[in-house]
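Written out below as structure tokens is the structure these notes cover.
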Amino acid sequence: MPVHNSEIADAFEKLADLLEIEGANPFRVRAYREGARTVRGYPRSMADLLQGGEDLTELPAIGKDLAAKIKTLVDTGRLPALEKVESHTPAALSDLMRIQGLGPERVKALYKKLKIASIGDLNRAARSGKIQKLDGFGKKTEQMIIERLERFSSTEQRTKLIVAEDLVAPLVAHLKNCDEVKDVVVAGSYRRRKETVGDLDILVTARKDSTVMDHFTGYDEVKEVVSKGNTRSTVHLRSGMQVDLRVVPQASYGAALHYFTGSKAHNIAVRKLGVKKGYKVNEYGVFRGNKRIAGKTEEEVYKKVGLPYIPAELREDRGEIEAAAKRRLPDLITLEDIRGDLHCHTNASDGHHSLKQMAEAAAQRGYAYVSINDHSKHVTVAHGLDEKRLFAQIKAIDKLNEELDDIVILKSIELDILEDGSLDLKDSVLKELDFTVCAIHYGFNLSREKQTQRILRAMDNRHFNILAHPSGRLINQREPYEFDLEKVIETARQHGCFLEVNAHPDRLDLNDDACKLAKDMGLKVALATDAHSVANLELMRFGINQARRGWLERGDVINCLPLRKLKQLLNRK
DNA sequence: GCCGTTTTCGGCCCGACTGTTTTCAGTCG
């Protein structure tokens, strides 16, 4: 079993936690955390990079030492440095750090004085009143620990963006109801349009002595006020979502928006640029000495540190700072660039609406074309189409295309890739289609090698055009299956195939990192909703979010092309 | 431990809130 990037990152983070508890050099601790972040977010596996003879110290935040540790982990599956630390500091102490309100100092004190080395120990000690007697702890801290422990197991998961949107709308409306509030904007990962959000960061502009904080904590849905100050408050909603509200004056709006949008890594990089120029950058502005020299808009802040405006979706410190400095930021795709949807179902399989309803809804969105991609016969639960029914659908589409003059329906299918890499329907019917979208719907547990071969073999069929939801993951529900994404991208490029960016908010597959990898490797993608109803066509915007996070431009997405050019690309011959 | 159009050594982002304190440490974002 090859070692996963996430396992390497976990090991580094654990090492960082334990070293921090031991009181190691804080910058050394940070170095492990930053190394972990690089490895976790990297779209290619460290194992593959090493096998290809690449130099890991080329990666950001990876130096000689971490590169050697990664190699050891990949070669042996073990990290001696971590084992050594674990021999004198219990590994489970890093679990205690996951509890909100417990950091390295408190965990160390709990371990040294009360021998607390696990969540269970902590629970017993808190409930027996031992913790409040410790120096630096008190009754409130003990109570806080008990409450957080109760919450600990249930609230680990991040919230899908589309779910967060439903929480945001009424809350923003509530805040706007406060007369003293001018602007309300949701910042954080929500504004960066990340596929999931951990909490909500909301920024409002108002005078410092306004009543907005009372208004905020008085919101109906607030279950618990965690902290409350003049400029910052934190609450938990009944839904379990944590919301941070920050209040800043109008003159700081841009600086605050930039700061609270993050990401943390992006902010640190921007601040470092500021320091180089002799400025201090914080949420109130850009300062030279005590004088604020920028802060009203985000553009101002970027300009002062020598950069053009960077779109929120790119702010992950994944190269956008360097690209901005060279004036080489991508001109990101927008929803208006999309000319059609390339993955839609009808009630012929598991969709809810008819061919005609789907086509008319797509036309209403201003699309020039839409493709119909019902399931193929292997997906029996979805009443997938066999050759005969697909022939019938092809005829129906031909007929409908004659009737409709404002949109073209493309004849397609969501074709199952069988376990041996063959396709679910005969070439005799596939050749009648405009193109195919092919997908894996079972056999998720094949080995990485077999799964990769399955996909590559499928691509050998000249009727294979687009690989749908390439990783098979369902956010918060199902991990991606094992396969070699890089090899799939490379083979797709050679064969004239494409990968889908499935826009459904449960999938968003390819994810952002993979979008960027495809782009860097010269492969275009198809952005498609996998709509199962007329309403689902609206989900395209989530795909746009993910594509923008993956640095994609109009030219990287095949359904930004007019129909004639699209058809040329989809004709493999 | 990483990193370098000042540096291969000496730096490493910045502020708010809480609780336990009599002036600040710890934690978080």
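Chain identifiers are assigned alphabetically (A, B, ...) following the order of the sequence lines, protein sequences preceding nucleic acid strands; residue numbering begins at 1 within each chain.
A residue-by-residue look at A:K69 and A:L134 shows that A:K69 has its nearest nucleotide of DNA chain B further toward the 5' end. Where A:E105 and A:I62 each meet DNA chain B at their nearest nucleotide, the meeting point lying more 5' is that of A:I62.
In this entry the distance linking CD1 of A:I70 with C1' of B:dC2 reads 13 Å, nearest Å. Summarising the geometry, the separation between CG on A:L273 and P on B:dC3 is reported as 16 Å, rounded to the nearest angstrom. A:K194 has its NZ atom 14 Å from the P atom of B:dG29, to the nearest Å. In this structure, CG of A:N282 is placed 7 Å from C1' of B:dC14, rounded to the nearest angstrom. When rounded to the nearest whole Å, the span between CZ of A:R148 and C1' of B:dT27 equals 11 Å. A:L15 has its CG atom 12 Å from the P atom of B:dC2, to the nearest Å.
The side chain of A:D244 has B:dG29 as its nearest neighbour among B:dG15, B:dG29, B:dG1.
Each side chain to side chain donor-acceptor pair (under 3.5 Å) pair with one or both residues in residues 270-293 of chain A, not counting sequence neighbours, appears once here: A:S252-A:R292. Within the structure, no pair that satisfies the salt bridge (charged side-chain N to carboxylate O under 4.0 Å, His left out) test touches residues 134-143 of chain A, not counting sequence neighbours.
Taking the P atoms as reference points, B:dT20 lies 14 Å from B:dG26, given to the whole Å. The same atom, P, is picked in B:dC2 and in B:dT6; the two are 23 Å apart, to the nearest Å. Taking atom P in both B:dG4 and B:dC13, the straight-line distance is 14 Å, to the nearest Å. When the P atom is compared between B:dT23 and B:dC12, the two are found 29 Å apart, to the nearest whole Å. For the P atoms, the distance from B:dT22 to B:dC28 is 23 Å, rounded to whole Å. For the C1' atoms, the distance from B:dT5 to B:dG1 is 24 Å, rounded to whole Å.
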Every protein N/O lying under 3.5 Å from an N/O of nucleotides 17-20 of chain B:
{"unit_1": "B:dC17", "atom_1": "OP1", "unit_2": "A:N230", "atom_2": "N", "d": "3.2"}
{"unit_1": "B:dC17", "atom_1": "OP1", "unit_2": "A:T231", "atom_2": "N", "d": "3.0"}
{"unit_1": "B:dC17", "atom_1": "OP1", "unit_2": "A:T231", "atom_2": "OG1", "d": "3.2"}
{"unit_1": "B:dC17", "atom_1": "OP1", "unit_2": "A:R232", "atom_2": "N", "d": "2.9"}
{"unit_1": "B:dC17", "atom_1": "OP1", "unit_2": "A:R232", "atom_2": "O", "d": "3.4"}
{"unit_1": "B:dT18", "atom_1": "OP1", "unit_2": "A:K228", "atom_2": "N", "d": "2.6"}
{"unit_1": "B:dT18", "atom_1": "OP1", "unit_2": "A:K228", "atom_2": "O", "d": "3.2"}
{"unit_1": "B:dT18", "atom_1": "OP2", "unit_2": "A:K228", "atom_2": "O", "d": "3.4"}
{"unit_1": "B:dG19", "atom_1": "O3'", "unit_2": "A:T141", "atom_2": "OG1", "d": "3.2"}
{"unit_1": "B:dT20", "atom_1": "OP1", "unit_2": "A:G138", "atom_2": "N", "d": "2.7"}
{"unit_1": "B:dT20", "atom_1": "OP1", "unit_2": "A:G138", "atom_2": "O", "d": "3.3"}
{"unit_1": "B:dT20", "atom_1": "OP1", "unit_2": "A:K139", "atom_2": "N", "d": "3.3"}
{"unit_1": "B:dT20", "atom_1": "OP1", "unit_2": "A:T141", "atom_2": "N", "d": "3.4"}
{"unit_1": "B:dT20", "atom_1": "OP1", "unit_2": "A:T141", "atom_2": "OG1", "d": "3.2"}

When the side chains of residues 106-113 of chain A are checked against the rest of the protein, which donor-acceptor pairs come out under 3.5 Å, sequence neighbours left out?
{"unit_1": "A:R106", "atom_1": "NH1", "unit_2": "A:G101", "atom_2": "O", "d": "2.8"}

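Residue A:E283 is in sugar-phosphate contact alone, with no base atom involved, counting any heavy-atom pair closer than 4.0 Å across all strands shown. Here A:P104 lies in heavy-atom contact (under 4.0 Å) with sugar-phosphate atoms only.
Under a cutoff of 6.0 Å and an axis angle of 45°, A:R315 and A:Y309 form a cation-pi pair. Judged by a 6.0 Å distance limit and a 45° cone about the ring axis, A:R193 is positioned over the six-membered ring of A:Y190.
Checked for salt-bridge contact, A:E486 and A:R44 meet the test: a charged N lies under 4.0 Å from a carboxylate O. Ion pairing between a basic and an acidic side chain is recognised when a charged N comes within 4.0 Å of a carboxylate O; A:K519 and A:D556 show such pairing.
Just one of A:E221, A:K223, A:E224 meets the side chain to side chain donor-acceptor pair (under 3.5 Å) condition when paired with A:H236; it is A:E224.
Pair assignment for B:dG4: B:dC9, on the basis of Watson-Crick or G-U wobble contacts that are both within less than 3.5 Å.
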Heavy-atom contacts, protein to nucleotides 4-13 of chain B, under 4.0 Å, summarised as B (base), S (sugar-phosphate only) or - (none) per nt, yield --------BB
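Between A:Y302 and A:H266, the two ring planes are perpendicular [angle over 60°; tilted spans 30° to 60°].
Residues satisfying the ring-ring contact (aromatic ring centres under 6.0 Å, His included) criterion with A:F27, sequence neighbours excluded, are absent altogether.
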